[in-house]
Chemist: 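Encoded as structure tokens, here's the structure I'll be asking about.
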Amino acid sequence: LAHLHAALVFLPNNGGPAWAGPGGGAGAVYDVTRYGARPDGMTDATLPFLRAWADACRSPRPATVLVPPGMFLVGSATFMGPCATRAVTFNVAGTLLAPSGYGWDSASPGRWLTFESVEGLAVSGGTLDGRGAPLWACKQQQPQQPRLHCPSGASSLTISNSRDVVVDGLRSMNSELFHVVVLQSNGVTLNRVTVDAPEDSPNTDGIHIHMSSHVSVYDANIRTGDDCVSVGPGNSNLWIERVACGPGHGISIGSLGHQQGLDMEDVQNVTVKTTWFTGTSNGLRIKTWGSSKQGFVRGVTFEDATMTGVHNPIIIDQNYCPQKVGCSDRFVFVF
């Protein structure tokens, strides 16, 4: 009754859970359309999504937020935990559209959709369309127009400060910035993630892992304008297997040593196995800035990589400085 009352407060006419039938388990299904979301790609569905999540997160039983087929316009949204249950599913059958243009994410800079402090989450299916082309065009004009201001952009999906999370069957396309980010989390599995963005889209890493442990990536198909998978500092115990990459910049550890708020920038115990690279600028890469920052990379295994038309199949760059501006000539302390 408490959850029904909460839904009725939000939307008196049609909110609330639909209980699963005899074959669907004992959980509740919170359909975003019952909270007012319209699958027309034009009506702002941010609040209905957040309200459906809030009710599902409060449920003491396993709960599912259901996004049915259709196009849903969703602004910057953070789905907060912790939840009352450790079994929350975010099941997407439709497409989530970011607002058009850029600069819309000022309320939550750098992120579009975020799951924060959630344990036992499953994100299943669906397409995220970041509609990043206007921002990419702005960034590409900056070398000729130095005074042109372009925001950094928003990553499409961020899993932050969470544990025991599974993302399965997700497609991310045209993200402004990184497509999928795993940040300060433990026990995250990414299965069958597909990433699509043009080869010239800047800073559109497919999967970025940062300050996390026990993260696995399986059966990913990534075509983008930057690293297909990037491993930032503070990561340990990563398993990356059966990843197809290209176009893109390859699978990278780093960059490290660029003052990212850690006293020691380290990466350890990483396995990258059974990968395919086609038409990428790099294959397997470790990159560190030349700086006085201390750190290390250890326990890394690259195994069974197939490369076609790759410019740098394997590269270890300890003086990484992509823009060739303000580069340091200091001794490298990341080993």
Side-chain angles (χ1 to χ4, degrees), residues 32 37-50 67 69-79 92 94-115 123 126-160 170-181 183 193-208 210 220-230 232 245-249 252 279-281 322-323 325:
V32 296
R38 296 182 180 179
D40 58 10
M42 298 180 292
T43 305
D44 188 351
T46 309
L47 284 178
F49 270 66
L50 290 171
V67 182
M71 310 281 280
F72 295 88
L73 177 65
V74 182
S76 181
T78 298
F79 303 101
V92 184
T95 296
L96 277 57
L97 294 175
S100 59
Y102 59 84
W104 50 264
D105 63 322
S106 57
S108 180
R111 299 182 186 182
W112 175 23
L113 305 173
T114 303
F115 290 93
V123 179
T127 297
L128 308 180
D129 187 349
R131 301 209 278 189
L135 180 60
W136 307 334
C138 181
K139 290 182 176 180
Q140 289 163 354
Q141 292 170 15
Q142 280 185 313
Q144 291 76 37
Q145 304 179 48
R147 295 184 180 181
L148 180 63
H149 172 70
C150 305
S152 59
S155 295
S156 286
L157 176 64
T158 300
I159 307 296
S160 176
L170 174 75
R171 181 188 181 209
S172 176
M173 58 185 293
N174 299 328
S175 180
E176 284 190 341
L177 200 63
F178 300 168
H179 286 259
V180 179
V181 176
L183 174 65
V193 170
T194 299
V195 169
D196 284 302
E199 185 175 4
D200 61 351
S201 57
N203 307 120
T204 53
D205 292 27
I207 297 170
H208 179 69
H210 195 89
N221 193 340
I222 301 174
R223 298 176 291 274
T224 193
D226 210 298
D227 293 333
C228 290
V229 180
S230 56
C245 172
H249 294 182
S252 296
T280 56
S281 56
Q323 304 303 324
V325 176

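Since this is a predicted model, take the numbers as computed values, not measurements. Heavy-atom basis, side chains included; hydrogens, waters and symmetry copies ignored.
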Chemist: Are side-chain heavy atoms of Leu157 and His179 found at a separation under 4.5 Å?
Modeler: no

Chemist: Could you go step by step and tell me if Val195 and Met173 meet the side-chain contact (heavy atoms from CB on, under 4.5 Å) rule?
Modeler: CA-CA 6 Å; Val195 169; Met173 58 185 293; over 6 Å; no

Chemist: Taking the side chain from Thr46 and the backbone from Gly75, do they hold a donor-acceptor pair closer than 3.5 Å?
Modeler: yes

Chemist: Pick out which of Leu96, Thr78, Thr158 makes a side-chain contact (heavy atoms from CB on, under 4.5 Å) with Trp112.
Modeler: Leu96

Chemist: For Val123 and Phe115, what are the C-alpha separation, side-chain angles and deciding distance, and is it a side-chain contact (heavy atoms from CB on, under 4.5 Å)?
Modeler: CA-CA 10 Å; Val123 179; Phe115 290 93; 4.0 Å; yes

Chemist: Where is the tightest heavy-atom contact between Arg111 and Ala154, given as atom of each residue plus distance?
Modeler: C-CB, 3.7 Å

Chemist: For the pair Phe49 and Phe72, name the ring-plane relationship: parallel under 30°, tilted 30 to 60°, perpendicular over 60°.
Modeler: perpendicular

Chemist: Looking only at side-chain N and O atoms, does Ser230 offer a donor or acceptor that is under 3.5 Å from a partner on His208?
Modeler: yes

Chemist: Could you give me the CA-CA distance, side-chain angles and deciding distance for His249 and Thr280, then say whether side-chain contact (heavy atoms from CB on, under 4.5 Å) is met?
Modeler: CA-CA 5 Å; His249 294 182; Thr280 56; over 6 Å; no

Chemist: Of the non-hydrogen atoms in Gly246 and Cys228, which two are nearest, and what is the gap between them?
Modeler: N-SG, 3.9 Å

Chemist: Please examine the side chains of Leu148 and Cys138, heavy atoms only from C-beta on, and report whether any two atoms are closer than 4.5 Å.
Modeler: yes

Chemist: Hydrogens and angles aside, do Asp129 and Thr95 bring a side-chain donor and acceptor to less than 3.5 Å of each other?
Modeler: no

Chemist: So, using salt bridge (charged side-chain N to carboxylate O under 4.0 Å, His left out) as the criterion, who are the partners of Arg223 when residues are at least two apart?
Modeler: Asp196

Chemist: Please check if the side chain of Ser201 supplies one atom and the backbone of Thr204 the other of a donor-acceptor pair under 3.5 Å.
Modeler: no

Chemist: Determine whether Ile222 and Val229 satisfy the following criterion, side-chain contact (heavy atoms from CB on, under 4.5 Å), listing intermediate values before the conclusion.
Modeler: CA-CA 9 Å; Ile222 301 174; Val229 180; 4.0 Å; yes

